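Heads up, the thing below is written out as structure tokens.
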Amino acid sequence: MDVVNRLVEEKPLVIFTKSSCCISHSVMQLISSYGANATIYELDNMSNGQEIDKALQRLGVKPSVPAVFIGQKLVGGAKEIISLQVQGRLVPMLKESGALWV
């Protein structure tokens, strides 16, 4: 889990994905539609991607992607992001973390 912590350190918005995951793509599109600039890590294109995948699962993200961290805190996967968006809480979280400057 240290590897995950290092990757999200000092970044307002991090999304772990896999290039073949259409749900990850949808989550990235939703978040970027607000103007947020995320740091994206595609696990299937990383040499330590399997290690990170297992660490995300240990953190409770199932399936492991997409995994969204806002303000260095694990928010969750697609279900949690969509829930926050429907509740009107996603944009305020992005602003508070510094990922969105509007």
Side-chain angles (χ1 to χ4, degrees):
M1 289 190 259
D2 288 340
V3 67
V4 172
N5 291 333
R6 282 193 305 274
L7 292 172
V8 302
E9 198 172 60
E10 298 178 25
K11 294 179 181 79
L13 175 61
V14 174
I15 304 173
F16 291 94
T17 72
K18 291 184 180 173
S19 59
S20 61
C21 179
C22 61
I23 301 296
S24 291
H25 179 75
S26 297
V27 166
M28 290 186 305
Q29 288 296 111
L30 171 66
I31 290 173
S32 68
S33 73
Y34 293 114
N37 191 12
T39 299
I40 307 293
Y41 294 108
E42 288 188 342
L43 300 183
D44 52 345
N45 293 324
M46 299 174 70
S47 60
N48 61 343
Q50 286 185 332
E51 175 188 353
I52 295 168
D53 192 302
K54 289 176 184 172
L56 292 170
Q57 288 180 32
R58 284 193 299 273
L59 288 172
V61 184
K62 294 190 188 302
S64 61
V65 295
V68 180
F69 288 76
I70 300 176
Q72 294 83 41
K73 294 182 181 139
L74 175 62
V75 176
K79 182 175 136 185
E80 290 79 13
I81 293 300
I82 292 168
S83 178
L84 287 169
Q85 196 267 340
V86 168
Q87 296 169 17
R89 295 175 43 211
L90 180 59
V91 170
M93 283 181 78
L94 294 170
K95 285 180 183 176
E96 186 178 305
S97 72
L100 190 61
W101 300 342
V102 177

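Predicted model only: the values in this text are computed from it and were never measured. Count residues from 1 along the sequence.
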(message) Could you tell me if the side chain of Val68 sits less than 4.5 Å from the side chain of Val27, heavy atoms only?
(response) yes
(request) Report yes if some heavy atom in the side chain of Leu7 is under 4.5 Å from a heavy atom in the side chain of Thr39; otherwise report no. (result) no
(request) Under the side-chain contact (heavy atoms from CB on, under 4.5 Å) rule, collect the residues that match up with Glu51, sequence neighbours excluded. (result) Val3, Asn48
(request) Quick one: list whatever passes side-chain contact (heavy atoms from CB on, under 4.5 Å) with Glu10, sequence neighbours left out. (result) none
Atom pairs and distances, donor-acceptor, side-chain atoms in residues 80-87, under 3.5 Å, two or more places apart:
unit_1	atom_1	unit_2	atom_2	d
Glu80	OE1	Gly77	N	2.8
Ser83	OG	Gln87	NE2	2.9
Gln85	NE2	Tyr34	OH	2.9
Gln87	OE1	Arg89	NH1	2.7

(message) Give me the atom names and distance for the closest heavy-atom approach of Ser97 to Pro12.
(response) O-CB, 3.2 Å
(message) Which heavy atom of Leu100 sits nearest to which heavy atom of Ala36, and what is that distance?
(response) CD1-N, 3.6 Å
(message) List the residues meeting salt bridge (Lys or Arg N to Asp or Glu O under 4.0 Å) with Lys11, not counting sequence neighbours, and say none if there are none.
(response) none
Working to the nearest 0.5 Å, report the span between [atom1] of [X] and [atom2] of [Y].
X     : Y     : atom1 : atom2 : answer
Leu13 : Ile40 : CG    : CD1   : 7.0 Å
Thr17 : Asn45 : OG1   : CG    : 8.0 Å
Leu74 : Leu56 : CG    : CG    : 7.5 Å
Glu42 : Ser20 : CD    : OG    : 9.0 Å
Gln29 : Cys22 : CD    : SG    : 12.5 Å
Asp2  : Glu9  : CG    : CD    : 10.0 Å

(message) Counting neighbours of CD on Gln50 that are heavy atoms of other residues, nucleotides or ligands and sit closer than 6.0 Å, is the number greater than 12?
(response) no
(request) Hey, could you give me each pair passing ring-ring contact (aromatic ring centres under 6.0 Å, His included) that has a residue in residues 62-95? Not counting sequence neighbours. (result) Phe16-Phe69
(request) Would you please name every residue forming a side chain to side chain donor-acceptor pair (under 3.5 Å) with Gln72, sequence neighbours left out? (result) none
(message) Which residues pass the side chain to side chain donor-acceptor pair (under 3.5 Å) test with Asp44, not counting sequence neighbours?
(response) Ser19
(message) By the salt bridge (charged side-chain N to carboxylate O under 4.0 Å, His left out) test, which pairs, at least two apart or in different chains, include something from residues 13-34?
(response) Lys18-Asp53
